[in-house]
Amino acid sequence: RKDSRIVCSSLGGDSPAQSQLGPSDYVAQGVDIWTHRSLDFAPNTPFLIVASKEHLGVINKDLVLGSLDGSGIAGASIINPVNGHVIMSTGSIALDLQKAAVNHKGHALHYGGQLVGVARSRHIDAAGIVVISADQVSSQVLRSLQTSVPIGLLAGLLIGGLFYRSLGMRNPVETELKTALTRRQFSLHYQPVVDIASGRWIGAEALLRWIGVDGKSIPPDVFLSNAQTFGLMDDITKEMIALLSRDIELFAASAPSDFYFSFNLCASDVANSRVVAQLGELARACETKGIDLVAEITEQAKIDHESSSYNIKGIQNLGIKIAIDDFGAGYSSLSYINNFDVDVIKIDRSFIMSLGKNEASERLIPHIVDIARNLGISVIAEGIENFQQAEILLQHGISQGQGWHFAKAMPIGELVRLVSQYSQPGGASANLEASA
Ligand code: C2E
Ligand code: CA
Ligand code: CA
């Protein structure tokens, strides 16, 4: 590991392959951890990287849990219990089971005929979950009793084999997501973007929520990675655009002047020309209502420049602005600005968390602001959680922000109800209690 780069001497001969690491996702006891880092010389493989001052380990995530295949385990995963984000997983674990396991206080639970083991790290935000069918437990015990009787062993193996085949044939997460789409269980919540000095609401970001049959809301970090895996992102984005169009209709009557809505697109969305077409109608409707639109493209995903540049231009031609989301958290912040005609950058929450702590990331903020100012790009700070952070951002010349200090994401009805009050200068106050 050299500075913030990782150099692989066995690849590339005289000029060894290298890749920027960027800021880590976690730091635990002086150890940096990246949970989903792809490297420039292996762009399609997400690695788990762990680094102390002296040593750095690069782990292929698929191999860690891959060795469990065929061991009688229906699924295993490592999850961040705070945000529900799946760090790595094998097999298929239904989302409600994932949630139940993460919320469970003990080490084992029975859930829908399955036995679930849970282990939580005391040092980092990570919990390991292993799922095994309750029937499988008894059949394993039975089998070990029968090992002395070859026919019994054969029967056991046969039953085990059939059990695995049946596991391979269904995929609960995929089925659940498809059902959620057909039953229209997704909705959008809106988090206001504010003028930091006055607290005035100037826009709102649409954030997807999956409201299950039990009325509980499942956060996007949990289901979007599964949607990607099962190729359902297209359908989800289409649904998101439909929901946004419907909500903007509801909002239009109470819309203050100069208000905007932003929405999130992932790398596969910007590589997909159908998304541009789907946005066309929404853009035209917003134009007549005097509402602006901003597409947020996460900087964490590596975007294929060739197919995406054309679509990004297409989106801008519809009058929609382009924002780079999570700016500074990935490894290609500057290349984005260089390759696309970016209108807005949203400085990642990790930078805002470091404010007032004299960390290197805080010292980078003035440079980000300088670059943006020189290029005529607006800056928004994400994840402002307290007054001190808001103050420091203002001192850095950042005037727009978003975060729980001002307001959490809320349903459209709530936004409609509150927007007239909070879009007046001086009519706003911080620490607004709103639904998450
Ligand atoms: P994001 O675009 O960075 O959205 C901001 C996330 O930070 C939201 O989480 C929001 O609720 C949370 N947040 C806002 N203020 C604060 C704060 O002060 N402190 C903390 N700790 N968190 C704050 P959420 O809604 O769970 O969304 C997570 C991610 O899911 C989003 O991150 C975005 O990347 C993705 N996402 C959400 N909706 C969509 C969508 O419609 N399409 C796509 N492709 N991605 C989406
Ligand atoms: Ca966003
Ligand atoms: Ca963000």
Side-chain angles (χ1 to χ4, degrees), residues 25 36 80 82-86 125 177 180-181 186-194 196 203-211 217-228 232-245 247 260-272 275 278-279 282 293-301 303 321-330 333 336 344-355 379-390 393 400-411 430-432 434-436:
D25 299 319
H36 277 87
N80 178 335
V82 177
N83 59 16
H85 191 95
V86 178
D125 288 337
L177 275 169
L181 276 162
F186 293 102
S187 69
L188 288 171
H189 278 195
Y190 296 87
Q191 185 180 33
V193 179
V194 308
I196 298 176
E205 175 180 2
L207 294 160
L208 262 180
R209 296 288 178 265
W210 174 0
I211 315 291
S217 146
I218 303 170
D221 283 339
V222 175
F223 63 81
L224 288 178
S225 54
N226 287 312
Q228 304 268 14
L232 294 170
M233 208 54 225
D234 274 22
D235 295 329
I236 289 192
T237 300
K238 193 171 164 206
E239 176 70 358
M240 182 274 289
I241 296 171
L243 291 166
L244 183 60
S245 307
D247 288 351
Y260 76 83
F261 278 90
S262 69
F263 54 91
N264 294 279
L265 294 179
C266 62
S268 66
D269 292 328
V270 278
N272 178 353
V275 172
Q278 286 156 10
L279 286 170
L282 171 64
L293 288 173
V294 177
E296 300 189 6
I297 301 168
T298 178
E299 195 249 18
Q300 306 259 10
I303 285 199
K321 291 196 176 118
I322 298 292
I324 298 304
D325 206 354
D326 310 322
F327 187 87
S333 314
Y336 266 65
V344 182
I345 56 180
K346 296 188 77 173
I347 301 185
D348 188 63
R349 193 164 71 85
S350 57
F351 286 85
I352 285 50
M353 278 160 62
S354 73
L355 292 180
V379 177
I380 297 178
E382 295 189 307
I384 306 172
E385 290 187 353
N386 57 52
F387 181 76
Q388 191 203 12
Q389 292 167 344
L393 287 165
Q400 298 184 357
Q402 210 178 356
W404 296 347
H405 176 58
F406 298 102
K408 285 191 170 180
M410 61 192 80
N431 288 322
L432 173 78
S435 55

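Remember, it's 1-based here, ligands and their atoms both numbered in the order they're listed. Note that this is a predicted model, so its numbers are computed, not measured.
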For ligand 1, find each of its N or O atoms that sits under 3.5 Å from a protein N or O atom, and tabulate the pairs with distances to one decimal place.
| residue | atom | partner | partner atom | Å |
| --- | --- | --- | --- | --- |
| ligand 1 | 2 (O) | Glu205 | OE2 | 3.1 |
| ligand 1 | 2 (O) | Asn264 | OD1 | 3.1 |
| ligand 1 | 2 (O) | Asp325 | OD2 | 2.9 |
| ligand 1 | 3 (O) | Asp326 | OD1 | 3.3 |
| ligand 1 | 15 (N) | Gln191 | NE2 | 2.9 |
| ligand 1 | 15 (N) | Trp404 | NE1 | 3.2 |
| ligand 1 | 18 (O) | Trp404 | N | 2.8 |
| ligand 1 | 19 (N) | Glu385 | OE2 | 2.5 |
| ligand 1 | 21 (N) | Arg349 | NH1 | 2.9 |
| ligand 1 | 21 (N) | Glu385 | OE2 | 2.9 |
| ligand 1 | 25 (O) | Arg209 | NH1 | 2.9 |
| ligand 1 | 25 (O) | Arg209 | NH2 | 2.9 |
| ligand 1 | 38 (N) | Leu208 | N | 3.1 |
| ligand 1 | 42 (N) | Asn264 | O | 3.3 |

Going through the distances and angles, do Glu385 and Arg349 end up as a side chain to side chain contact (heavy atoms under 4.5 Å, CB included)? CA-CA 10 Å; Glu385 290 187 353; Arg349 193 164 71 85; 3.9 Å; yes

I would like to know whether Gln389 and His405 meet side chain to side chain contact (heavy atoms under 4.5 Å, CB included); could you show each step before the answer? CA-CA 9 Å; Gln389 292 167 344; His405 176 58; over 6 Å; no

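The shortest distance between side-chain heavy atoms of Asp247 and Tyr190 falls below 4.5 Å. Contact annotation: the side chain of Gln388 never approaches that of Leu355 to less than 4.5 Å [non-hydrogen atoms, C-beta and beyond]. Pro220 places a side-chain heavy atom less than 4.5 Å from the side chain of Arg209.
Rounding to the nearest 0.5 Å places CD1 of Ile297 at 7.5 Å from OH of Tyr336.
Annotation: salt bridge (charged side-chain N to carboxylate O under 4.0 Å, His left out) contacts of Asp221 (sequence neighbours excluded): none. Residues satisfying the side-chain contact (heavy atoms from CB on, under 4.5 Å) criterion with Ser354, sequence neighbours excluded, are Glu359, Ser361, Glu362.
When each of Val344, Leu393, Ile347 is tested with Val379 by the rule side-chain contact (heavy atoms from CB on, under 4.5 Å), just one qualifies, namely Ile347.
Below the 3.0 Å limit, the Ca ion (ligand 2) has as protein N, O or S neighbours Glu205 OE2, Asn264 OD1, Glu296 OE1, Asp325 OD2.
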